[in-house]
Amino acid sequence: MSTPAAAAQRRPGDWRRTHTCGALRLSDAGATVTLNGWVHARRDHGGIYFVDLRDRYGLTQVVLDEKLASSVRFSAEYVLSVTGTVKARDAQNRNAERATGEIEVVAARVEVLSASPNPPFEVSDDIDTALETRLRYRWLDLRRPLLQKNLLHRSRFINAIRRSFERQGFAEIETPILTKATPEGARDYLVPARVHPGKFYALPQSPQIFKQLLMVAGMDRYFQVARCFRDEDLRADRQPEFTQLDMEMSFVEEEDVFACWERVLSETFAECMGLQIKTPFKRLHYDEAQQRYGSDKPDTRFGLELKALDAWARQCEFNVFKSVTAQAGGRVMGISVPADLAAQISRKDLDTELTDHAKSFGAKGLAWWRPAADGGAGPLAKFAAGEQGLALRAALGAKDGDLCLFAAGPQAQVLRVLGELRNLLGRKFGLAKASGIAWDFLWVTGFPMFLRNEENGRWESAHHPFTAPADWNFRADDDAALGKLESRAYDLVMNGWELGSGSIRIHREEVQQRVFGLLGIGPDEQREKFGFLLEALAHGAPPHGGFAVGLDRLTALTAGLDNIREITAFPKTASAADLMCQAPSRVADAQLAEVHVARAGKGLEEGA
RNA sequence: GGGGACGUAGCUCAAUCGGUUAGAGUACCGGCCUGUCACGCCGGUGGUUGCGGGUUCGAGUCCCGUCGUCCUCGCCA
């Protein structure tokens, strides 16, 4: 920021900065400098007056004498230009907690560049202001050093990823934001088309089809920092518009995509965080992830693995368990919490925290057992005495003093309940942190191709309809086989979070038609909604596959944040509102008429 | 769409069982102070208790509705 050339061009009285507020050190003592920044704090000692001047780079203490201090009026968040002399502080006045703490700038001239009323909250990392207030005044919130640090981390992280893709020969290509509504997937954000009365664009849920068409076009290796839009209800880690690092490559199989991303992430972690992450990442089959961890995105840094207890349940005296094993698809499973942790779980924890947690994911209740020589304690105790108890201990890998938790019912629910209990216990006891593993990457492969919709009995894509099946020749009329058919989709999981997902795609028109047909999209609808894709696939489509990583989540996690709002410059609330600019907002009737839209339903009362 | 929590001064919070004039810290304003860096000391301004209705002699407090924020289940191919 301080260059001799710039200094040479300065006019007398130039207000422009020669240094940032984080730049000056002891070695600058004696220099005449100009700083620009915001008034962070003032300390008036009567006769001597201190100002902390703040910008993105740091804080510098400015000293004003009585005469200068009384000649200029300013308060917090004013923007000043201060010209003065850098002075080494006396030893007893140095502030070791600030990078610029060994010096101060003795002001000769202070110019108010911009005024400010008393701000709605203090610009400080210590404050505990309601998110609602912070979002309303986001331009002020973003002045806080922590938020600036987060945005800069995000910027550096994304730039490093870009460079890595460029080194690997990928081309960054933009795809349309105004695109076509799709029949499946998330709800679309719609945009009325003024020049096509009654018709609408949709904002992209992802650039999926466009990137496939780029492969058909022969671009071979594509990536993009892509904004995606999904009109669904929000969570702490979900915004209605979010950013993906989207990529696609031709003439590849799964391992090529994995290797590409392993390189991108290891280079990015090394460059941005100084960390060497271990590659290749672990691989885990979807079925194994589900059976061992009850999740398709397991945190594998700790144990508490699920154990199958179906054989034991089948011959036990506990009717709840026994009857479940007689039902099609019924499972009885359990996890064993080691004694040192089990000792910290009270009866009250079991009856409230753990049981409530299990119930929130569909369990009817939570059966538990503390094995001991005399049969132990808990609802299972009287069915787990003697030989029965030994067999149950063996199936669970449990010892006396452990705490065993059980779930019984339809397999999907049992896996979910125990998987979530496992996560709860992991959080409660800090097991992931205790593992000493900071960054645990994992490819999950072999996802099912189709899932049966319980409500209407129809097949749906587990990933999306463009995902290749493990077997190109699958039969669309064999329900039993379809339920077992694997897809070539994969997820990247880190520390129990899904970072992204992708797949090898269907590059054959006929297979794509077969999949559409199976999903209930008939030939006419296929032509109308996806005709351009099918046509492209018919005209020389290379085998291809790709992946997309959620950058909001990844940059948040690598910055140590658990809420993506803290790394998004202008986030929306849980009701998808922007509290700063008050979007969405009403529009005039004339504006609606121009795009051929009329209010209806609730919009009649609330829109006018 | 369902469940839970919350809403009091610019900000963060308190206010006993429904009971006097709704308090504190901080910020802000004024005064004092030449070495602070969370400066200190003295004084002061600041309130539609989110909004609407109800119960009551009396409501920040109880009830109903509504708006907003957060978390969460469903949802998110």
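Throughout, a chain's letter reflects where its sequence line sits, starting with A, and its residues are numbered from 1.
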* **Phe547(A)-Trp261(A) aromatic ring centre distance below 6.0 Å** => yes

Nucleotide opposite [N] in a Watson-Crick or G-U pair, distances under 3.5 Å:
N: C62(B); value: G54(B)
N: U34(B); value: none
N: C6(B); value: G68(B)
N: G23(B); value: C13(B)
N: C76(B); value: none
N: C28(B); value: G44(B)

Looking for any heavy atom pair under 4.0 Å, which part of the strands does [X] touch: base, sugar-phosphate only, or nothing?
X: Arg235(A); answer: base
X: Lys87(A); answer: base
X: Gln239(A); answer: nothing
X: Ser206(A); answer: base
X: Tyr49(A); answer: nothing
X: Glu132(A); answer: sugar-phosphate
X: Arg416(A); answer: sugar-phosphate
X: Asp233(A); answer: base
X: Asn563(A); answer: sugar-phosphate

Atom pairs, protein N/O to nucleotides 2-7 of chain B N/O, distance under 3.5 Å:
none

For [X], side-chain contact (heavy atoms from CB on, under 4.5 Å) partners two or more places apart:
X: Arg42(A); value: Val39(A), Tyr49(A), Phe74(A), Ser75(A)
X: Ala91(A); value: none
X: Ala574(A); value: Arg565(A)
X: Ala412(A); value: none

* **Within residues 91-102 of chain A or reaching into it, pairs that qualify as side-chain hydrogen bond (donor to acceptor under 3.5 Å, both in side chains) - sequence neighbours excluded** => Asp52(A)-Arg98(A)

Suppose we screen for ring pair (Phe, Tyr, Trp, His ring centres under 6.0 Å). Which residues come up paired with [X], at least two apart in sequence or across chains?
X: Phe530(A); answer: Phe466(A), Phe516(A)
X: Trp472(A); answer: His507(A)
X: His45(A); answer: Phe50(A)
X: Phe447(A); answer: Tyr286(A)

* Measure from NZ or CZ of Arg553(A) to the centre of the six-membered ring of Trp497(A) and say whether it is under 6.0 Å with the direction within 45° of the ring axis. => no

* C28(B) phosphate, OP1 or OP2: any side-chain N/O from Arg42(A) under 4.0 angstrom? -> yes

Pull out every protein N or O sitting under 3.5 Å from an N or O of nucleotides 30-33 of chain B, one pair per line with the distance.
| from | atom 1 | to | atom 2 | distance (Å) |
| --- | --- | --- | --- | --- |
| G30(B) | OP1 | Arg73(A) | NH2 | 3.3 |
| C33(B) | N3 | Asp44(A) | O | 3.0 |
| C33(B) | N4 | Asp44(A) | O | 3.2 |
| C33(B) | N4 | Asp44(A) | OD1 | 3.2 |
| C33(B) | N4 | Asp44(A) | OD2 | 3.4 |

I'd like a list of close polar pairs between nucleotides 42-46 of chain B and the protein, N/O only, cut-off under 3.5 Å.
none

* To do: Check the side chains of Asp299(A) and Tyr293(A) for a donor-acceptor pair under 3.5 angstrom, ignoring hydrogens and angles.
  => no

* Can a donor-acceptor pair under 3.5 Å be found between the side-chain atoms of Arg89(A) and the base atoms of U36(B)? -> yes

